[in-house]
Amino acid sequence: MTLRLFNTLTGEVDTLAPAPGEPLRIYACGPTVYDYGHIGNFRTFLQVDVLRRFLKLNGIPLRHVMNITDVDDRIIQNTVASGVTLREYTARFEQAFFEDLDALRIERPEVIARATEHIPRMVELVQRLAAAGAAYKTDEGSWYFRLAAFPEYGKLSKKDLSGMEDGARVDLDRYEKDSARDFALWKAAKPGETSWDTPIGRGRPGWHIECSAMAMEYLGESFDLHAGGEDLMFPHHENEIAQSETVTHKPFARHWMHVRFLLVDGRKMSKSEGNFFTLRDLLLKGYKASAIRLALISVPYRHQLNFTFDSLTDATKAIERLRTFHRRLAGGNFPSGENAALQAAARKAEANFLGALADDLNTAEARAPIFELVRTANTAMDEGQLRSCDRDLILSVLRKFDAVFDVIDDRDEEPTRRAIEWARQTGRESEIAPELLARQSIADEQVEALLAERAQAKKQRNFARADQIRSELAEKGIVIEDSKEGVRWKRK
RNA sequence: GCACCGGUGGCGAAGCGGCUAACGCGCAGGUCUGCAAAACCUGUAUACGCGGGUUCGAUUCCCGCCCGGUGCUCCA
């Protein structure tokens, strides 16, 4: 199945496929590790994860590179302020970032590249740009890209830059630049700041050159797909194109994918606005990692997603439905044989699921046939019409669903536990929701013991005691499921 | 100001020229139960922002308007 994906560069939905015999080469802009990531950051990484997983499900080998920006103005500022080394400072947030990726079940790219480990490649690129007459050095020792050297500038974001004439609104003298729109390739070192001594001077790389250099290092001068948040389209990605194509005279990335913003209560979420939630904030409020994943995935990447706590509650319930169904199906005993109608329903669900994803990663549409299948199969089970072959087929459909969505398999305990641990270690205990602590306050064995006692009480028709135990467990977030097959329980 | 995106039942959200307008949540009823809960099933809602136009036919295309958002600067 071929993926049709919107391409910002062409403005159309284009086929995305690797060259024959080659892996699909992807570069996706990663985090700047100066703080904990917020859920808006993770929406982008999650959508790229959906892309990855769908391609893999279709048997397409990947070479996916993600950068870690571990040097930039904010990081330098913060290190200077806190008196630690750059590496000490960034290591902490880099580790936190990976923990968060794990919590959300975001797969690791094949290559993870730190900016600080690729300085020579960036320097080399600046030198090549200088040789081509597209870069110049200022008196203070910074290097800039000469925008005039790249007439196609603006082709990605479709911007008409003619309205921004030099000098109209920017005082050129203050910037030492030839043109107001020229952007920094290399920033001269200032006293006390981390810097590198290189053939082009002492300093540190600009943000844009970092991505160009690392993308070319691992993917070559031309590659299949470049992805990132919509805000990076201009100027970051536009600048990457300008730098790279000026040097190589080849198209940088053929296909560009931009994930639209996540809004909170209808407003843009950003660190500068302060209205943001980190993944950890949500985990400490008691939301499960899987619910956060599903909520952030379910709105297709090309639409803005308005995040609300209701959406997390909805997602939690939806996941419960899937998990309950899966448990019922996988654990049940069914007569051998097959039910033709169910077989057809399962195959149709799978085809619709895959088809929706192949159509520009329409995750909202892709979910629908899975839930329809759940209903159909539940009905069949109630009526005793589901056979072992049907079970096998439906389970395989669920596996494919989960190969992309990854929410049925329950591994929610670990991220929550870690978030609590982290909160305790960093003096954020007050942020842990009381219900969450209550939920953690009872061990599995204690639950089992109380349930055994309750069963005994029920047998003796001591309903008062049985109900007492029931409400006691309920207070601790334990949900009891009485059924013909016996008692099951789960944590809310 | 310029540019772009969106406004679908109580909420979220697909669909984008002609099917009973998906799906999830919610809500109601039923099955089950000592009672509940959970689970499942069924049902539910006179949902396509407003006004024109094109068309045999428009939620879907065009124009205008209103509302919300985003970009144009660091930002996923």
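Values below: all heavy atoms of this structure, side chains included; hydrogens, waters and symmetry mates excluded. Residue numbering restarts at 1 for every chain, and letters A, B, ... go by the order of the sequence lines.
Salt-bridge annotation for Glu472(A) and Arg454(A): absent, with no side-chain N of the basic residue lying under 4.0 Å from a carboxylate O of the acidic one. Look at Lys187(A) and Asp73(A) and you find a salt bridge, because one of the NZ, NE, NH1 or NH2 atoms lies within 4.0 Å of a carboxylate O, short of that distance.
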Each nucleotide in nucleotides 6-15 of chain B should get exactly one letter: B, S or -. Can you fill that in based on protein heavy atoms under 4.0 Å?
-------SSS
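The gap from the C1' atom of A38(B) to that of U46(B) amounts to 35 Å, rounded to the nearest Å. When the C1' atom is used for both U8(B) and A22(B), the distance is 12 Å, rounded to whole Å. When the P atom is used for both C63(B) and G68(B), the distance is 22 Å, rounded to whole Å. Look at the P atom in both A36(B) and U44(B): the space between them is 26 Å, to the nearest Å. C62(B) and C4(B) have their P atoms separated by 13 Å, with the value rounded to a whole Å. Nucleotides G17(B) and G12(B) are separated by 25 Å at their P atoms, to the nearest Å. For the C1' atoms, the distance linking G64(B) with C72(B) amounts to 26 Å, nearest Å. When the P atom is compared between G6(B) and A47(B), the two are found 24 Å apart, to the nearest whole Å.
The CZ atom of Phe276(A) sits 14 Å away from the C1' atom of C74(B) (whole-angstrom rounding). In this entry the distance linking CZ of Arg267(A) with P of G71(B) reads 11 Å, nearest Å. Arg321(A) has its CZ atom 14 Å from the C1' atom of A38(B), to the nearest Å. Distance, Lys158(A) NZ to C4(B) P: 12 Å, rounded to whole Å. A straight line from CG of Asp467(A) to P of C35(B) spans 11 Å, rounded to a whole angstrom. The separation between Asp100(A) atom CG and A76(B) atom P is 14 Å, rounded to whole Å. Separating the CZ atom of Phe405(A) from the C1' atom of G24(B) is a distance of 12 Å, rounded to the nearest angstrom. Across the protein-nucleic acid pair, Asp482(A) atom CG and A36(B) atom P stand 13 Å apart, rounded to whole Å.
Pair assignment for C35(B) gives none, since no Watson-Crick or G-U wobble pairing has each distance under 3.5 Å. Across all strands shown, the partner of G68(B) is C5(B), judged by Watson-Crick or G-U wobble contacts whose two distances both fall under 3.5 Å. Checking A28(B) for Watson-Crick or G-U wobble geometry (two distances, each under 3.5 Å) identifies U42(B) as its partner. As the counterpart of U20(B), no nucleotide is assigned, since no Watson-Crick or G-U wobble pattern has both distances under 3.5 Å.
Separation of the Tyr287(A) and Phe309(A) ring centroids falls under the 6.0 Å cut-off. Aromatic rings of Phe252(A) and Phe223(A) (six-membered ring for Trp) have centroids within the 6.0 Å cut-off, being under it.
Between His208(A) and His236(A), the closest heavy-atom pair is ND1-ND1, 2.9 Å. Contact record, Gln243(A) with Leu185(A): NE2-CD2, 3.4 Å, taken as the closest heavy-atom pair.
Contacts of Gly228(A) with the nucleic acid, taken as non-hydrogen atoms under 4.0 Å apart, involve only primed sugar atoms and P, OP1 or OP2. Residue-level contact check: Arg375(A) touches the backbone only, with heavy atoms under 4.0 Å from sugar-phosphate atoms and none from bases. As judged by a 4.0 angstrom heavy-atom cut-off over every strand, Phe371(A) is placed among residues touching the sugar-phosphate backbone only. Nucleic acid contact for Leu262(A): base, since at least one base atom lies under 4.0 Å from a heavy atom of the residue. Within the nucleic acid shown, Ile480(A) comes within 4.0 Å of at least one base atom, counting heavy atoms only.
If you find the closest nucleotide of RNA chain B to Lys458(A) and to Glu481(A), the one lying nearer the 5' end belongs to Lys458(A). Residue whose closest nucleotide on RNA chain B sits further toward the 5' end, between Ala315(A) and Gly30(A): Ala315(A).
Listed pair Lys317(A) / G26(B) meets the phosphate criterion, a side-chain N or O lying under 4.0 Å from OP1 or OP2.
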Could you go step by step and tell me if Lys492(A) and Ile478(A) meet the side chain to side chain contact (heavy atoms under 4.5 Å, CB included) rule?
CA-CA 6 Å; Lys492(A) 209 153 101 189; Ile478(A) 306 298; over 6 Å; no
Would Leu46(A) and Tyr301(A) satisfy side chain to side chain contact (heavy atoms under 4.5 Å, CB included), going step by step from the backbone distance to the final call?
CA-CA 9 Å; Leu46(A) 277 165; Tyr301(A) 79 95; over 6 Å; no
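Between the side chains of Ser311(A) and Asp314(A), no donor N or O sits under 3.5 Å from an acceptor N or O.
Among U73(B), C75(B), C5(B), the nucleotide with an atom closest to any side-chain atom of Arg181(A) is U73(B). For Thr379(A), whose side chain is taken as the heavy atoms from C-beta onward, the closest listed nucleotide among U42(B), C74(B), A39(B) is U42(B). The side chain of Phe234(A) lies closest to C72(B) when the candidates are C74(B), C72(B), A39(B).
Stacking between Phe463(A) and G34(B) is shown: the ring centroid lies under 5.5 Å from the centre of the six-membered base ring, and the planes differ by under 30°.
Using a 30° and 60° split on the angle between ring planes, Phe145(A) and Phe183(A) fall in the parallel class, below 30°.
Residue-to-nucleotide contacts include a donor-acceptor pair under 3.5 Å from the side chain of Arg470(A) to the base of A36(B).
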